[in-house]
Amino acid sequence: MNKEASWVKSTCAYCGVGCGIEARINNKGQLDIKGDDQHPANKGKLCTKGLTLAETLINDNRMLTPQILNKPVSWNEALDEAALQLQDVINHYGANAVAFYVSGQLLTEDYYVINKLAKGFIGTANIDTNSRLCMSSAVAGHQRAFGEDCVAGCYDDLEAAEVVILTGSNLAWCHPVLFQRLKQAQKEHQTKIVVIDPRHTASCDIADLHLAITPGSDVALFNGLLSYLHNNNKFDQDYINAHTHNIEATLATALTQDTNVSQLTGISEEQLHTFYQLFANHPRTVTVYSQGVNQSTSGTDKVNAIINCHLATGRIGKAGATPFSITGQPNAMGGREVGGLATTLAAHLSFDRHDHWQLLSDFWQTDKLVTQPGLKAVDMFDAIAAGTIKAVWIIATNPAASLPNSNKINQALAQCPCVIVSDCVNDNDTLRHATIKLPAQGWSEKSGTVTNSERCISRQRRLLPTQGEAKPDWWIINQIANRMGFKDSFNYTNEAQIFAEHVALTSENNHPNQTPRLLNLSGLSHLTQHDYDSLLPQQWPINEDNISHQRLFSDGIFPTQDGRAHFIATPYRPLATNTSTDYPLLLNTGRIRDQWHTMTRTGLSASLAHHIQEPLISIHPQDAKQYQLNNNQLVSVNSQYSNAIFRVRISTDVQPHNVFIAIHWTQQTSSSGSICALIGDQRDPISGQPEYKATAVQLTPLTYTTDAILTTTEALTLTDLPPQTALYWVCKKVKTGYQYCISSHLTPSALEHILMSYFMKSTQQHLRAITHQSRRAVVIENAYCISSLNIHPHDSHHYLTSSPNIIAMHRYDLELHHFLNGDDNLAATDIICTCKQITRQQLVSTITDKKIQDVETLSCVTTAGTGCGGCLNELETLLKPNKTDEIREQNYKRKHL
Ligand SMILES: Nc1nc2c(c(=O)[nH]1)N[C@H]1C(S)=C(S)[C@@H](COP(=O)(O)OP(=O)(O)OC[C@H]3O[C@@H](n4cnc5c(=O)[nH]c(N)nc54)[C@H](O)[C@@H]3O)O[C@H]1N2
Ligand SMILES: Nc1nc2c(c(=O)[nH]1)N[C@H]1C(S)=C(S)[C@@H](COP(=O)(O)OP(=O)(O)OC[C@H]3O[C@@H](n4cnc5c(=O)[nH]c(N)nc54)[C@H](O)[C@@H]3O)O[C@H]1N2
Ligand code: SF4
Ligand SMILES: [Mo]
């Protein structure tokens with residue numbers, strides 16, 4: 001037996017919590033992963049996504065070689081061709097005809113190099129990032145209030161607070177480890193928790209107060225709070241006088257709107273009063289905000305309306321008192337530090353200041369540094385559509401699926417002559433348009449640094465050998481820069497050199513002649529390769545004496561010209577979109593617990609596929625009644641931009657006239673394609689961030705005849721099926737391969753005819769093992785069922801969600817026999833506890849059989865919730881489903897009085 005390798009510390013691949021992990025290669029050559037007890041972000045905890053990272057490291061759909069027009073080529077050919085095409089466009093049409101669209105999932109080193117190449121050497125500011133869709137309203141809000149894009153608080157503040165407000169954040173599902181920390185704090189200190197979200201989310205389960213506001217009305221709510229604080233003498237006048245500007249105009253704006261807050265927000269006077277009082281009476285208040293705030297046509301104002309209330313009460317820079325923007329992607333913060341947005345320069349330097357421009361030109365020793373901001377994401381793709389941008393290089397993001405009005409984005413990319421895409425996977429919605437494909441190393445193969453939501457810089461370390469010919473993103477960029485003639489400035493041979501250059505640039509921020517900027521890593525100057533390799537997690541700023549600050553602004557001094565923070569007047573504006581008789585429902589979109597974005601990674605884990613198995617549309621019972629919809633029925637959802645089919649889930653999670661659909665499914669995983677096809681591209685006038693959370697839609701109920709489930713060992717291209725076979729299909733990962741749920745207008749026997757031959761074809765090598773009965777088939781290999789087919793007349797009470805896969809025959813002989821004879825009980829799996837693989841059915845029958853009343857007992861008896869703990873709220877809901885419904889109904893009724 002091989003000796004097991006030692007544990008290596010790294011950082012989780014997913015969200016902005018930035019949890020530390022430890023990993024080692026086990027005897028089977030796979031990665032064992034556990035939480036890093038010493039990492040300050042998670043102190044050993046991980047959520048379902050972190051715990052299942054190893055499952056995503058299979059090479060299904062992996063891009064293994066560079067390709068030109070989908071033909072494998074050598075690295076030299078691909079790099080030469082990419083550089084040549086970029087240079088050709090620049091020679092003919094100028095630097096601005098070239099664009100770069102990058103990502104908060106790059107490492108700081110990758111991000112630094114691409115931004116330097118675009119803005120500093122090619123001389124185009126047309127480099128933007130998916131952070132435009134994610135954090136740009138927070139960035140703009142911070143810049144307006146503080147003079148620099150700084151997140152003031154830290155995670156410990158959640159534990160030190162008396163009141164925590166989660167607004168536009170579903171922390172329970174999107175930042176699960178932080179949510180666990182908050183939940184623990186609530187247990188220990190009775191922290192009061194307020195959730196502000198039009199929708200009832202898993203985060204509401206620990207809330208003392210849920211304000212189900214009218215979508216888009218946050219500014220009105222926080223203006224109302226500012227007025228209340230003023231009217232009740234709760235302003236910290238000394239702080240305002242000493243450290244801020246512009247309270248008068250800001251307050252005047254808030255006061256003019258004070259009389260109709262209840263009407264604008266849809267929140268009763270009584271609930272408003274409860275919230276305002278809670279805020280007013282607890283000096284230690286943290287307001288956490290995320291996409292419900294940022295992704296809005298008034299996103300920047302929402303951010304400032306929140307910050308205004310914190311400044312007015314002096315609640316910033318103090319333990320347990322801060323506004324707190326939490327970031328989505330693992331390195332959204334690092335990207336902001338290196339100036340990855342079209343509107344910023346590296347190291348928090350600004351386009352508005354000539355001295356900043358000069359500093360950066362000198363530092364990079366270039367005369368090409370851009371002087372004006374470039375095009376923001378949506379505008380950039382409009383310019384591609386218009387043909388003014390003729391070459392685009394997309395790195396670590398999937399814009400064909402994730403940008404609004406995605407049909408338009410797909411058309412733009414389809415007609416762009418040069419689309420270079422660096423990705424780890426071989427196929428996603430964007431790669432279908434690539435003319436040159438460049439294989440990038442994935443999370444487990446890369447090395448560099450990331451910065452999390454609380455400004456903590458952590459090392460991501462190489463854990464596994466690289467698959468195929470993939471290379472680090474910085475290496476690919478460096479190679480192309482070389483070929484474009486910038487060898488002297490792009491001669492990096494490892495990531496530590498790039499980090500050192502970034503550190504040196506941030507150290508210039510301390511220059512005595514400049515307004516100081518807080519982003520300063522000078523304490524990390526002179527790191528040796530060894531120091532870099534063994535770097536411990538550390539929050540910036542890190543000054544020369546290597547002292548880092550957990551919290552910013554503790555001294556009340558802000559990085560503005562005069563050191564004061566700015567109140568910003570934020571007049572309330574409604575959503576850009578109104579519902580109408582043609583489009584009477586408002587569509588909200590967001591995330592689910594166990595999937596990450598466009599599923600190129602979490603979609604490879606069978607454990608993560610169970611929690612929510614397909615793109616559902618949540619609709620309130622009252623609307624379901626009006627549209628005569630049943631659970632599990634299919635509906636066509638139509639907006640002004642496109643239409644797509646989703647399965648109905650009737651739920652009081654959403655308010656009447658609102659619907660919700662998760663963002664994760666794409667053309668690879670569902671016939672509906674990307675939800676973004678339905679969404680308009682209205683955006684915030686300052687940040688340019690799209691309003692993803694509010695699109696007017698109409699529903700058309702659909703009927704069909706037959707459901708089928710096909711499980712195969714390899715992924716299929718369902719577009720190869722004869723036309724009209726599937727009205728709708730969705731794909732999920734299972735242990736043995738992939739499972740396709742298909743809904744069809746065909747009769748069961750007609751569908752059987754088509755799918756059976758498909759099934760036989762895709763499982764040819766196992767043909768002899770097929771057991772085949774009417775409309776049911778299984779393939780057995782080594783006493784395991786590895787593929788199966790199940791066709792059933794559609795019946796909404798008997799909706800198939802799963803079919804046998806990887807069932808050990810010796811254990812399940814009888815069940816398989818039943819399955820082949822028409823019993824689907826075996827097929828039903830709806831896994832609530834991903835870590836322990838415990839199904840809803842198991843939980844429900846344990847609750848009934850053992851008369852269990854509380855979560856602790858349920859957890860103890862079934863082991864559900866004893867892994868990462870992320871499902872404990874769902875266990876609670878299973879225990880008291882009616883109670884939750886009643887509370888929500890009361891909330892909504894009160895609103896609609
Ligand atoms: N599981 C999982 N976790 C993730 C991700 C993932 O894909 N999957 N992605 C990561 C990324 S990049 C990001 S940006 C974060 C996002 O994290 P979150 O922002 O928490 O996630 P969302 O679900 O997009 O949106 C949050 C909430 O905003 C609410 N909302 C909608 N409109 C309004 C409004 O007008 N006002 C208010 N106050 N709320 C509103 C929605 O109902 C939703 O519940 O998650 C990160 N973490
Ligand atoms: N309707 C709707 N749309 C939304 C949102 C919403 O709330 N509603 N949220 C928006 C937000 S906040 C975000 S952040 C975006 C996310 O949207 P995207 O960034 O488009 O989504 P991902 O699936 O994360 O795409 C990342 C891609 O990079 C690849 N990749 C991963 N690691 C690496 C690497 O190291 N190098 C390279 N070269 N490639 C890599 C992955 O395989 C994948 O193809 O979606 C936005 N779109
Ligand atoms: S909360 Fe989960 S997804 Fe986010 S960094 Fe931690 S383990 Fe990863
Ligand atoms: Mo994001």
Side-chain angles (χ1 to χ4, degrees), residues 12 15-20 35 39-47 50 135 138 142 150-197 201-210 275 278-279 281-294 303 306-307 309-310 313-328 332-333 451-456 458 537 539 548-554 868-870 872-873:
C12 174
C15 83
V17 177
C19 296
H39 198 288
N42 57 316
K43 300 170 185 164
K45 283 191 161 58
L46 292 177
C47 77
M135 304 314 305
H142 295 157
C150 292
V151 172
C154 60
Y155 298 160
D156 287 356
D157 286 331
L158 293 174
E159 279 142 5
E162 299 159 296
V163 173
V164 173
I165 299 156
L166 304 176
T167 180
S169 153
N170 182 9
L171 203 72
W173 281 9
C174 297
H175 299 88
V177 166
L178 216 46
F179 184 76
Q180 295 299 324
R181 283 181 64 169
L182 177 60
K183 200 170 164 180
Q184 188 59 31
Q186 184 184 40
K187 226 182 194 167
E188 286 168 20
H189 318 297
Q190 290 76 49
T191 319
K192 294 271 181 271
I193 295 169
V194 182
V195 172
I196 303 169
D197 193 315
T201 64
S203 307
C204 296
D205 297 342
I206 63 164
D208 298 282
L209 179 66
H210 171 211
F275 171 51
L278 208 55
F279 190 101
N281 295 337
H282 293 91
R284 282 182 283 124
T285 312
V286 175
T287 308
V288 171
Y289 48 100
S290 187
Q291 298 316 329
V293 165
N294 295 344
V303 169
I306 293 168
I307 295 174
C309 296
H310 278 266
T313 46
R315 293 180 194 171
I316 186 161
K318 296 175 184 152
T322 183
F324 199 169
S325 149
I326 40 168
T327 48
M333 287 286 257
T451 311
N452 74 4
S453 290
E454 59 165 357
R455 290 172 278 104
C456 183
S458 296
Q539 274 173 282
S548 72
H549 293 269
Q550 229 196 339
R551 253 167 230 109
L552 301 179
F553 314 138
S554 307
C868 75
L872 288 169
N873 297 326

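Computed over heavy atoms, backbone and side chain alike; hydrogens, waters and symmetry mates excluded. Predicted, not measured: the structure shown is a model, and the values here were computed from it.
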How long is the straight-line distance from CG of L178 back to CG of L166, given to the nearest 0.5 Å?
9.0 Å
Report the C-alpha distance between H175 and V288 in whole Å, list the side-chain angles of each, state the deciding distance to 0.1 Å, and finish with yes or no for side chain to side chain contact (heavy atoms under 4.5 Å, CB included).
CA-CA 11 Å; H175 299 88; V288 171; over 6 Å; no
Side chain of S325, backbone of Y289: donor and acceptor closer than 3.5 Å?
no
Looking at every non-hydrogen atom in both residues, tell me the closest pair between A41 and V177 and how far apart they are.
O-CG1, 4.3 Å
Ring-ring centroid check H310 F279, cutoff 6.0 Å:
yes
Hey, is the main chain of I206 close enough, under 3.5 Å, to the side chain of Q186 for a donor-acceptor pair?
yes
Between S203 and L171 (side chain of the first, backbone of the second, donor and acceptor by atom type, cut-off under 3.5 Å), is there such a pair?
yes
To the nearest 0.5 Å, what is the distance between CZ (F179) and CG (D205)?
7.0 Å
Does H210 reach the main-chain N or O of D197 with its side chain, forming a donor-acceptor pair under 3.5 Å?
yes
Contact check, side chains of E188 and E159, non-hydrogen atoms, under 4.5 Å:
no
What closest approach, in Å, do Q539 and E454 show between heavy atoms, and which atom pair accounts for it?
NE2-O, 2.8 Å
Out of curiosity, M333 CE to R455 CZ, how far, rounded to the nearest 0.5 Å?
6.5 Å
Would you say the side-chain atoms of T285 pair up with the backbone N or O of H282, donor to acceptor, closer than 3.5 Å?
yes
Shortest non-hydrogen contact from H39 toward C456
CE1-SG, 4.5 Å
Between T322 (side chain) and A152 (backbone), is there a donor-acceptor pair under 3.5 Å?
no
Backbone N/O of R284 and side chain of E162: donor-acceptor pair under 3.5 Å:
yes
Smallest separation among heavy atoms of R315 and P323, with atom names:
O-CD, 3.9 Å
On a heavy-atom basis, the closest approach of A332 and M135 is CB-CG, 4.1 Å
Working for side chain to side chain contact (heavy atoms under 4.5 Å, CB included), residues S169 and I326:
CA-CA 9 Å; S169 153; I326 40 168; 4.1 Å; yes
For a 4.5 angstrom cut-off between non-hydrogen side-chain atoms, does L158 reach R181?
no
Minimum-distance pair of heavy atoms, taken over all atoms of Y155 and V17:
OH-O, 2.9 Å
Determine yes or no for a side-chain-to-main-chain donor-acceptor pair under 3.5 angstrom, with Q180 supplying the side chain and K45 the backbone.
no
Distance check, rounded to the nearest 0.5 Å: C309 atom SG versus I316 atom CD1?
12.0 Å
Check for a donor-acceptor pair, side chain of D208 on one end and backbone N or O of I193 on the other, with a separation under 3.5 Å.
yes
When you look at S453 and T327, which way does the side chain to side chain contact (heavy atoms under 4.5 Å, CB included) test go after all the steps?
CA-CA 5 Å; S453 290; T327 48; 2.7 Å; yes
Please report the C-alpha distance between T201 and W173 in whole Å, then the side-chain angles of each, then the deciding distance to 0.1 Å, and finally whether the side chain to side chain contact (heavy atoms under 4.5 Å, CB included) criterion is met.
CA-CA 9 Å; T201 64; W173 281 9; over 6 Å; no
